[in-house]
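Following: one structure in structure tokens, then a few remarks.
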Amino acid sequence: MIICMMQPLPAAAIHTYAAPRLASDAPLRIAVVLPCWRVTASILDVLALIGPECERVYVIDDACPDGTGALVESDCADPRVRVLRNPANLGVGGAVLTGYRQALADGMHVIVKIDGDGQMDPALLMDFVQPIAQGEADYCKGNRFYDLDNIHRMPALRILGNAGLSLMAKLSTGYWDLFDPTNGYTAIHRDVAVRLPMAKISQRYFFETDLLFRLGTQRAVVRDVPMDPRYGEEVSGLKIHRILGEFAFKHTRNFCKRVFYNYYLRDMSLASLELALGLPMLLFGLVYGVWHWIEGLQSGRETPTGTIMLATLATIVGLQFVLAFLGHDIGSVPRRPLSRSPHRISDARLAVRERLPR
């Protein structure tokens, strides 16, 4: 990895501002990570909109064939900007984790991830930082579905795809109160980021959802932040027909891991017994009933009443147990943040929207 730092601006050219403060009166250190892959048309505009509340901006050139890193080095004079180069393309997740590692090494308190394609408004950055700084959340992510009036601006295929992915993500991550799991506008507290098993997190399209799963195993508090969808002329590289099978497999794997970790390895509760009894009974009732129903159709004989009752009873009781487990799981969404020492940001500081001259 190569780290390049921009030439600093003259001191007189930089606007002064009152830095946000921690509870200990130390300045809040905010970093922005921008993974870059063929975003030369928009990256400079995105950088120009990042306000002075941010101390560091990491541009991750993920082996970009268009030379995004070189463009930033030559045309961006912001002294906060550093270009980090991955020697090979690691995908969006690999690029973000490169930025996380550098931000943690530099002592940043909150790390915000913004895409370089212009779909995410940097003016919303403090909306993501504030819940973390005030000790209300460990991780914040965007939700483009919050304002129903703006959903019509989103392509229909993305609405359908996100709805399906959101349902699968609720099961696999345990965050039943979240939506839009693939949204990449995020912020994370360093106390949580340092605990992430970065070598195990998926590095490509499944990154955001897999990160939520890892946060769930830590019992981190995650909050949705409303944001409007912004789409230009860019073409998404996410092809539903290509990733559907991969996502289904990974969601199933993460669900099984989460249930084992939370309900059988770390703790045992009534919900553990409900799932252990209910799922086998439900599957038995369905398979046993369907098998005898098909057999009766083929043979022309009526299915015995006892067989029907056994299949029905097993299905109903098993379903009740599974629903009881889901009720417990939904009520177990983490509510107590893991991050220490809540940071306090003054109302005046939140209102700052000055921009460094470019």
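All values below come from the heavy atoms of this structure, side chains included, with hydrogens, waters and symmetry mates left out.
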Which pair of non-hydrogen atoms, one from Asp115 and one from Met120, has the smallest distance, and what is that distance?
-> OD2-CE, 3.0 Å
Are the side chain of Arg219 and the backbone N or O of Arg336 linked by a donor-acceptor pair below 3.5 Å?
-> no
Ionic contact status for Lys141 with Asp224, cut-off 4.0 Å | yes
Minimum heavy-atom separation for Gly51 to Arg80, with atom names?
-> O-NH1, 2.7 Å
For Ala95 and Pro35, work out which heavy atoms get closest and say how close.
-> CB-CB, 3.6 Å
Salt bridge (Lys or Arg N to Asp or Glu O under 4.0 Å) partners of residues 275-302, not counting sequence neighbours, each pair once | none
Any donor-acceptor pair under 3.5 Å from Arg266 side chain to Thr217 backbone | yes
Rounded to the nearest 0.5 Å, how far does CG of Leu97 lie from CG of Leu196?
-> 8.0 Å
Please confirm whether the backbone N or O of Val32 pairs with a side-chain atom of Lys113, one donor and one acceptor, at under 3.5 Å?
-> no
Do side-chain atoms of Arg56 reach the backbone of Gln102 as a donor and acceptor pair under 3.5 angstrom?
-> no
Pairwise ring-ring contact (aromatic ring centres under 6.0 Å, His included) hits with a residue in residues 155-183, at least two apart = Phe145-Phe179
For Glu73 and Arg85, what are the C-alpha separation, side-chain angles and deciding distance, and is it a salt bridge (charged side-chain N to carboxylate O under 4.0 Å, His left out)?
-> CA-CA 12 Å; Glu73 289 174 355; Arg85 285 189 171 89; 2.7 Å; yes
For side-chain contact (heavy atoms from CB on, under 4.5 Å), just list the numbers for Asp62 and Val92, CA-CA rounded to whole Å, side-chain angles, deciding distance to a tenth of an Å, and then say yes or no.
-> CA-CA 8 Å; Asp62 196 30; Val92 62; over 6 Å; no
What about His251 and Phe213, are their ring centers closer than 6.0 Å?
-> no
Can we say Arg335 and Asp177 salt-bridge, meaning some charged N sits less than 4.0 Å from an Asp/Glu carboxylate O?
-> yes
Side-chain donor-acceptor pair under 3.5 Å between Thr68 and Asp61, yes or no?
-> no
Does the side chain of Thr98 come under 3.5 Å of the side chain of Asn86 through a donor N or O and an acceptor N or O?
-> yes
Short side-chain donor-acceptor distance under 3.5 Å, Arg223 and Asn143 = no
Is a side-chain N or O of Ser74 found less than 3.5 angstrom from the main chain of Leu71, in a donor-acceptor match?
-> yes
What heavy-atom pair brings Pro337 and Gly135 nearest, and what distance separates the two atoms?
-> CG-O, 3.3 Å
Within the side chain of Thr307, is there an N or O that forms a donor-acceptor pair under 3.5 Å with the backbone of Thr303?
-> no
Over all atoms of both residues, closest heavy-atom pair of Met198 and Leu104 = CE-CD1, 3.9 Å
Check the angle between the aromatic planes of Tyr288 and Phe284 and answer parallel, tilted or perpendicular using the 30° and 60° thresholds.
-> parallel
Side-chain donor/acceptor of Arg190 to backbone N/O of Met108, under 3.5 Å | yes
Between atom CG of Leu44 and atom CG of Leu49, what is the distance when rounded to the nearest 0.5 Å?
-> 11.0 Å
For Ile201 and Phe206, run side-chain contact (heavy atoms from CB on, under 4.5 Å): C-alpha distance rounded to whole Å, both residues' side-chain angles, the deciding distance at 0.1 Å, then the answer.
-> CA-CA 9 Å; Ile201 300 175; Phe206 198 64; over 6 Å; no
Side chain Tyr185, main chain Asp121, donor-acceptor under 3.5 Å = yes
Report yes or no: do Val222 and Tyr261 belong to one cluster of Ile/Leu/Val/Met/Phe/Trp/Tyr joined by side chain heavy-atom distances under 4.5 Å?
-> yes
Check whether any side-chain N or O of Asp210 sits under 3.5 Å from a backbone N or O of Ser202 as a donor-acceptor pair, and report yes or no.
-> yes
Check whether the side chains of Tyr58 and Asp106 place a donor and an acceptor atom closer than 3.5 Å, and report yes or no.
-> yes
Taking only residues at least two apart or on different chains, which pairs with a member in residues 262-281 satisfy ring-ring contact (aromatic ring centres under 6.0 Å, His included)?
-> Tyr263-Phe325, Tyr263-His328
Starting at NZ of Lys257, measure out to NZ of Lys250 and round the result to the nearest 0.5 Å.
-> 10.5 Å
How far apart are the closest heavy atoms of Val221 and Glu136, and which atoms are they?
-> CG1-O, 3.7 Å
Where do Val72 and Leu47 land on the side-chain contact (heavy atoms from CB on, under 4.5 Å) test, with the steps shown first?
-> CA-CA 9 Å; Val72 172; Leu47 290 173; 3.9 Å; yes
